[in-house]
Amino acid sequence: MNTSILEARALSKIFDTAQGDLLAVADISFAVAPGEFLCIVGPSGCGKTTILELLAGLLPPTKGQVLLAGNPLVKPPPEIGIVFQKPNLMPWRTVIDNAILPLQIQAAPPDKAKQSGRQALAMVNLGEFAQAYPKELSGGMEQRVALARALVQQPNILLLDEPFGALDALTRERLNLVILRLWQHQNLTAVMVTHNIREAVFLADRVLVLSPRPATISAEFIINLPRPRPKGVEYSETFGALAYEIRQAIKE
Ligand SMILES: Nc1ncnc2c1ncn2[C@@H]1O[C@H](COP(=O)(O)OP(=O)(O)OP(=O)(O)O)[C@@H](O)[C@H]1O
Ligand SMILES: [Mg+2]
C-alpha cells in the first residue's frame with residue numbers, strides 16, 4: 001500500500017559545471033506522509049535547495065524519480081506550492097499581481113485569479129496591502145507575499161526553502177506560527193528546509209539530517225512533542241535534548 005503523498009526514490013542529481021560534473025545529491029530516498037510536517041536540515045551547500053527543487057519538479061533528477069501520490073512527477077504540479085530562500089517578487093507588480101502570477105501563467109480568468117489572490121493574501125494577513133508595491137514592504141511582508149503566491153493555487157503540499165532565513169529572530173518566530181496555522185487549517189503537507197535546528201524541532205513531526213555534499217540522509221529524528229506546540233515548549237528539557245541530539249548528528 002502506498003501511504004506517502006510525496007516520495008523521493010533513489011534520487012541523484014549531478015550538475016554539469018565548468019569544473020566538470022558536480023554530484024549534489026547521492027541516491028536519496030524518503031517518503032512524506034499526507035499531513036506530515038517534515039524538516040530537512042544539513043550544512044550549507046550540502047544540497048538542500050537541490051532536493052527541494054527536485055521534489056517540486058523544477059529540476060529533473062539525474063537518476064531516480066519523485067512520486068506524487070504514487071505517480072511519477074514530470075513537471076511542477078499545481079498541488080505543490082514552493083517558497084524560496086528569496087522572495088523574488090516583481091517590483092513593477094502590485095502585491096496581489098505578484099501573488100496571482102502562477103494563475104496568470106496558466107491563463108486563469110482574471111476575476112477568479114483576483115479572488116484567489118485576495119484569499120491567499122488574507123491567509124498571510126496581508127489583505128490590506130493588496131495594492132502596495134514590493135518596495136513598500138518589509139522583508140517579512142515580502143516573504144509573506146511569496147507565501148501567498150505559493151498558496152494561490154490551493155496546493156496540498158507546501159515546500160519551503162529557508163523561507164525566513166534572512167529575517168530577524170522575532171519576525172521569524174512569528175512567521176513560523178503563520179506557517180503552522182496554515183499547515184493545520186489548510187490540511188497541508190509541509191517539507192521545510194532550514195539550517196536552524198530549533199526551528200526544525202519546533203515545527204516538524206520528523207527531521208531528516210543531511211550529510212555534507214553530496215547530500216545523503218545521515219540521520220532521522222521523530223519529534224514527539226504535543227500539537228499544538230504548547231507555549232514555551234522551546235524551553236523544555238525534551239526540546240533541548242532533541243535539538244542537542246540533532247546538532248550532534250550534523251557533520252560539517
Ligand atoms: N544550477 C546549478 N548548477 C551547478 N551547480 C549547482 C547548481 N545548483 C546548485 N549547485 C551546486 O550544488 C551544491 C548544492 O547546492 P544547494 O543550493 O542545493 O545547497 P544548499 O544545501 O541549499 O545550500 P545553502 O544552505 O547554502 O542554501 C552546491 O555545491 C552548489 O554549488
Ligand atoms: Mg539552499
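Whatever order the structure lists them in is the order used to number ligands and atoms, beginning at 1.
- A distance-only check finds a donor-acceptor pair linking the side chain of Arg198 to the backbone of Glu234 [under 3.5 Å].
- Shown are Lys48, Glu162, Gln143; of these, the side-chain contact (heavy atoms from CB on, under 4.5 Å) with Gln85 is made only by Glu162.
- Electrostatic pairing of Asp97 and Lys114 counts as a salt bridge here, judged by a charged N lying under 4.0 Å from a carboxylate O.
- Of the protein's heavy atoms, none falls inside 4.0 Å of atom 30 (C) of ligand 1.
- Using a non-hydrogen distance threshold of 4.0 Å, Gln85 registers as a contact of ligand 1.
- In the hydrophobic clustering of ILVMFWY residues, with side-chain heavy atoms under 4.5 Å counting as a link, Met192 and Met123 come out together.
- Closest to atom 20 (P) of ligand 1, if we only count protein heavy atoms, is Lys48 N, 3.5 Å.
- Counting heavy atoms under 4.0 Å from ligand 1, residue Ser44 touches it through both backbone and side chain.
- Checked by distance only, ligand 1 and Leu22 stay at 3.5 Å or farther apart across all their nitrogen or oxygen atoms.
- Remark: distances from the non-hydrogen atoms of Lys13 to ligand 1 are all 4.0 Å or more.
- Listed by chain and number, the residues in a side-chain contact (heavy atoms from CB on, under 4.5 Å) with Arg172 are Phe164, Asn176, Thr194, Asn196, Glu199 (sequence neighbours excluded).
- Near Gly47, meaning under 4.0 Å from any of its heavy atoms, are these atoms of ligand 1: 14 (C), 16 (P), 18 (O), 19 (O), 20 (P), 21 (O).
- Closest heavy-atom approach to atom 22 (O) of ligand 1 within the set Thr17, Thr49, Leu54, Thr194: this belongs to Thr49.
- Each of the following atoms of ligand 1 lies closer than 4.0 Å to a heavy atom of Ala24: 12 (O).
- In terms of protein heavy-atom proximity, atom 15 (O) of ligand 1 is nearest to Thr50 OG1, 3.8 Å.
- Rounding to the nearest 0.5 Å places CZ of Phe37 at 8.0 Å from CG of Leu158.
- Close approach of ligand 1 to Glu162 is summarised as follows: ligand atoms under 4.0 Å from at least one heavy atom of the residue are 25 (O).
- Looking at Phe15 next to ligand 1, no N or O pair under 3.5 Å apart turns up.
- For the pair Ile250/His195, no side-chain contact is recorded, criterion being any heavy-atom separation below 4.5 Å from C-beta on.
- Among all non-hydrogen protein atoms, the one lying nearest atom 13 (C) of ligand 1 is Arg213 CD, 3.6 Å.
- Between the side chain of Arg118 and the backbone N or O of Gly127, no donor-acceptor pair lies under 3.5 Å.
- Rounded to 10°, the angle formed at the Mg ion (ligand 2) by Gln85 OE1 and Thr49 OG1 is 80°.
- On a distance-only criterion, Gly45 and ligand 1 share at least one N/O pair closer than 3.5 Å.
- The shortest side-chain heavy-atom distance between Leu203 and Ile223 does not fall under the 4.5 Å cut-off.
- The side-chain contact (heavy atoms from CB on, under 4.5 Å) test applied to Ser29 returns Ala10, not counting sequence neighbours.
- Proximity of atom 18 (O) of ligand 1 to the protein is indicated by at least one non-hydrogen atom lying closer than 4.0 angstrom.
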